[in-house]
Chemist: 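Next up is a structure, given as structure tokens.
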There are 2 protein chains.
Amino acid sequence: MGGARRVANDPLRKQRILDATLTVIAEHGVHGTTHRRIAGEAGVPLGSLTYHFDGLGDIIEQAFARMARSMSERYHAALTAAPDQPAACAAVTDLICGEEYATPRTLALLHEMYAYANHNSTVAETLRQWLRRSRASLARHFSERACRAIDALIEGWPMHQAWEREPLDRDLVRETVTAVAQRLG
Amino acid sequence: MGGARRVANDPLRKQRILDATLTVIAEHGVHGTTHRRIAGEAGVPLGSLTYHFDGLGDIIEQAFARMARSMSERYHAALTAAPDQPAACAAVTDLICGEEYATPRTLALLHEMYAYANHNSTVAETLRQWLRRSRASLARHFSERACRAIDALIEGWPMHQAWEREPLDRDLVRETVTAVAQRLG
DNA sequence: TCTGAGTGCGTACGAACGTACACACTTCTC
DNA sequence: GAGAAGTGTGTACGTTCGTACGCACTCAGA
């Protein structure tokens with residue numbers, strides 16, 4: 001019977017492995033991500049990875065899914081807190097310029113995810129979900145057309161800026177976002 | 001003496017290998033790019049790669065450099081052809097919506113390059129050069145502040161759109177670009 | 001206390017990889 | 001025609017990878 005069910009010794013191990021995976025990807029890229037590096041980063045034995053996951057692809061897919069979920073939540077929280085459109089513009093400006101979203105680690109992971117999604121349909125679906133949710137968060141404050149333009153700005157600006165020497169001009173970002181929001185309704 | 005200089009049988013071989021490398025990267029990602037796949041795609045023997053290049057990293061670096069140069073030239077040509085700012089806005093709209101720049105293959109390669117540049121300083125420098133050149137092309141028609149915003153749009157919009165089902169709304173893009181250009185000088 | 005089912009891990013193996021290198025081939029000089 | 005020098009390639013080697021799997025361990029039920 002199923003009664004003799006043992007419980008896992010370390011229930012958080014799966015999540016620790018996924019977090020370690022994201023660290024390895026951010027540091028070495030997907031092309032440098034291996035079972036052994038992940039195990040070393042997470043401090044777990046090599047066999048633990050094949051026990052909890054169905055291969056390296058499965059680990060990477062779940063790691064990206066985990067990242068997408070946590071980013072989606074932060075995104076949603078930042079935008080739903082805004083009472084009106086000017087506040088929403090400020091929130092978007094924070095997302096673009098801020099220290100939370102546009103960290104080097106996050107941007108590196110985002111690039112890796114976009115690149116990997118081109119070759120893995122599961123990650124591609126995860127990515128589409130996250131784009132859909134972020135647009136839904138924007139739609140509370142902006143017209144559908146404005147959403148598309150602002151989404152492009154949120155996407156492109158930090159990515160470009162990551163390769164510049166100087167920090168982003170916050171006033172310029174806010175002015176651009178506001179202009180787009182007003183012009184497109 | 002150096003007089004007995006033999007000439008290469010196939011002087012275009014290096015370029016064919018680099019083009020094949022880009023094809024392999026677009027199809028399998030950097031993480032799935034190997035000497036053997038490149039050789040197969042280019043139709044050259046395996047030993048030919050180690051003869052012409054100093055390892056796989058060298059091949060990838062030169063392939064990305066080749067891509068950046070050709071894209072930079074197209075970018076420059078599209079923008080210098082525009083006589084005034086409205087024409088430049090149209091050119092930018094074409095870059096974002098067009099069939100030339102925003103192809104699935106090009107976008108996939110761009111993502112791979114951005115991701116790889118985080119872990120390879122040579123490719124990072126190549127990327128910075130290409131960003132500098134594209135901004136210089138924009139600067140012929142727009143203020144420096146407008147350049148930054150438009151650059152972000154060119155970057156972010158096709159990348160987002162690649163994951164949508166429906167094609168881009170050309171009028172929306174043109175209106176956004178024009179609005180940003182006017183508002184920021 | 002004994003048993004058995006489920007948990008978790010150390011190790012080993014086949015495959016694929018990057019790279020080196022011995023060797024054929026071609027063309028120029030004498 | 002003989003030798004030299006540079007071009008290009010087939011193959012083989014050492015390494016590292018992903019993954020499988022036998023085995024130790026733990027505890028619920030009898």
Side-chain angles (χ1 to χ4, degrees), chain A residues 1-64 112 115-116 119-120 122-123, chain B residues 1-25 27-64 112 116 119-120 122-123:
Chain A
M1 330 205 94
R5 183 64 45 82
R6 283 262 291 87
V7 88
N9 289 346
D10 186 359
L12 282 74
R13 171 157 294 195
K14 278 192 74 164
Q15 297 181 13
R16 269 200 299 131
I17 290 173
L18 293 179
D19 287 337
T21 303
L22 291 176
T23 299
V24 172
I25 292 175
E27 203 162 329
H28 299 94
V30 171
H31 71 279
T33 299
T34 68
H35 277 124
R36 287 165 176 83
R37 266 210 256 256
I38 295 171
E41 178 69 31
V44 302
L46 179 59
S48 187
L49 301 195
T50 60
Y51 178 73
H52 286 291
F53 299 92
D54 289 341
L56 188 57
D58 183 38
I59 299 178
I60 294 176
E61 287 167 11
Q62 292 197 37
F64 278 136
E112 294 288 341
Y116 196 71
H119 316 287
N120 181 297
T122 302
V123 175
Chain B
M1 316 281 306
R5 182 63 47 81
R6 284 260 293 90
V7 88
N9 289 347
D10 186 358
L12 282 75
R13 171 158 292 192
K14 278 192 75 165
Q15 297 181 14
R16 269 200 299 130
I17 290 173
L18 294 179
D19 288 336
T21 302
L22 292 176
T23 299
V24 172
I25 292 176
E27 203 163 329
H28 298 94
V30 171
H31 72 279
T33 298
T34 68
H35 277 123
R36 285 164 177 83
R37 265 210 255 256
I38 295 171
E41 178 69 31
V44 302
L46 178 61
S48 188
L49 301 195
T50 58
Y51 177 73
H52 286 290
F53 299 92
D54 289 341
L56 189 56
D58 184 38
I59 300 178
I60 294 176
E61 288 167 12
Q62 292 197 37
F64 278 136
E112 295 288 340
Y116 196 71
H119 316 287
N120 181 298
T122 301
V123 175

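Keep in mind it's a predicted model, so treat the numbers as computed, not measured. First the proteins, then the strands, lettered A, B, ... as listed; each starts at 1.
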Chemist: Among residues at least two apart in sequence or on other chains, which ones pass side chain to side chain contact (heavy atoms under 4.5 Å, CB included) with A/Thr21?
Modeler: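 A/Thr21 satisfies side chain to side chain contact (heavy atoms under 4.5 Å, CB included) with A/Ile17, A/Ile25, A/Ile38, A/Ile59, A/Ala63 only.
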Chemist: From B/Leu18 CG over to B/Thr23 OG1, what is the distance, rounded to the nearest 0.5 angstrom?
Modeler: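 Taking CG in B/Leu18 and OG1 in B/Thr23, the distance rounds to 11.0 Å.
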Chemist: Applying side chain to side chain donor-acceptor pair (under 3.5 Å), which residue pairs with at least one partner in residues 52-61 of chain B are found, sequence neighbours left out?
Modeler: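 Found B/Asp58-B/Gln62, B/Glu61-B/Asn120.
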Chemist: Taking B/Gly29's backbone N and O only, do any of them form a donor-acceptor pair with B/Thr33's side chain (distance below 3.5 Å, no angle check)?
Modeler: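 Confirmed, B/Thr33 side chain pairs with B/Gly29 backbone.
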Chemist: At less than 4.0 Å, is any side-chain N or O atom of A/Ser48 found next to OP1 or OP2 of C/dC9? Yes or no.
Modeler: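 The answer is yes; a side-chain N or O of A/Ser48 sits under 4.0 Å from OP1 or OP2.
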Chemist: Atom CG of B/Asp58 and atom C1' of C/dA20: how far apart are they, to the nearest Å?
Modeler: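 The answer, rounded to whole Å, is 16 Å.
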Chemist: B/Thr50 has a side chain; which of D/dA20, C/dC9, C/dA20 sits nearest to it?
Modeler: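 Closest of the options to the side chain of B/Thr50: C/dA20.
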Chemist: Output the residues of residues 26-40 of chain A in contact with DNA chain C, where contact means a heavy atom of the residue under 4.0 Å from an atom of the strand; sort by number or write none.
Modeler: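 By residue number: A/Arg36.
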Chemist: Using a cut-off of less than 4.0 Å, is there contact between a side-chain N or O of B/Tyr51 and OP1 or OP2 of D/dT9?
Modeler: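 Answer no for this pair, as no side-chain N or O of B/Tyr51 is under 4.0 Å from OP1 or OP2.
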Chemist: C/dG10, C/dC21, D/dT19: which one has an atom nearest the side-chain heavy atoms of A/Leu56?
Modeler: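 Shortest atom-to-atom distance from the side chain points to D/dT19.
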Chemist: Sequence neighbours excluded, which residues qualify as side-chain hydrogen bond (donor to acceptor under 3.5 Å, both in side chains) partners of B/His119?
Modeler: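 side-chain hydrogen bond (donor to acceptor under 3.5 Å, both in side chains) list for B/His119, sorted by chain: A/Glu112.
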Chemist: Rounded to whole angstroms, how far apart are CZ on A/Phe53 and C1' on D/dA20?
Modeler: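 A/Phe53 atom CZ is separated from D/dA20 atom C1' by 18 Å.
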Chemist: With sequence neighbours left out, write down each residue that passes side-chain hydrogen bond (donor to acceptor under 3.5 Å, both in side chains) with A/Arg36, or none if nothing qualifies.
Modeler: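 side-chain hydrogen bond (donor to acceptor under 3.5 Å, both in side chains) list for A/Arg36, sorted by chain: empty.
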Chemist: Rounded to whole angstrom units, what separation is found between the CG atom of A/Leu46 and the P atom of D/dT16?
Modeler: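 Distance check: A/Leu46 CG to D/dT16 P gives 15 Å.
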Chemist: Mind calculating the distance between CG (B/Leu49) and C1' (C/dC21) to the nearest angstrom?
Modeler: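 Interatomic distance, CG of B/Leu49 to C1' of C/dC21: 16 Å.
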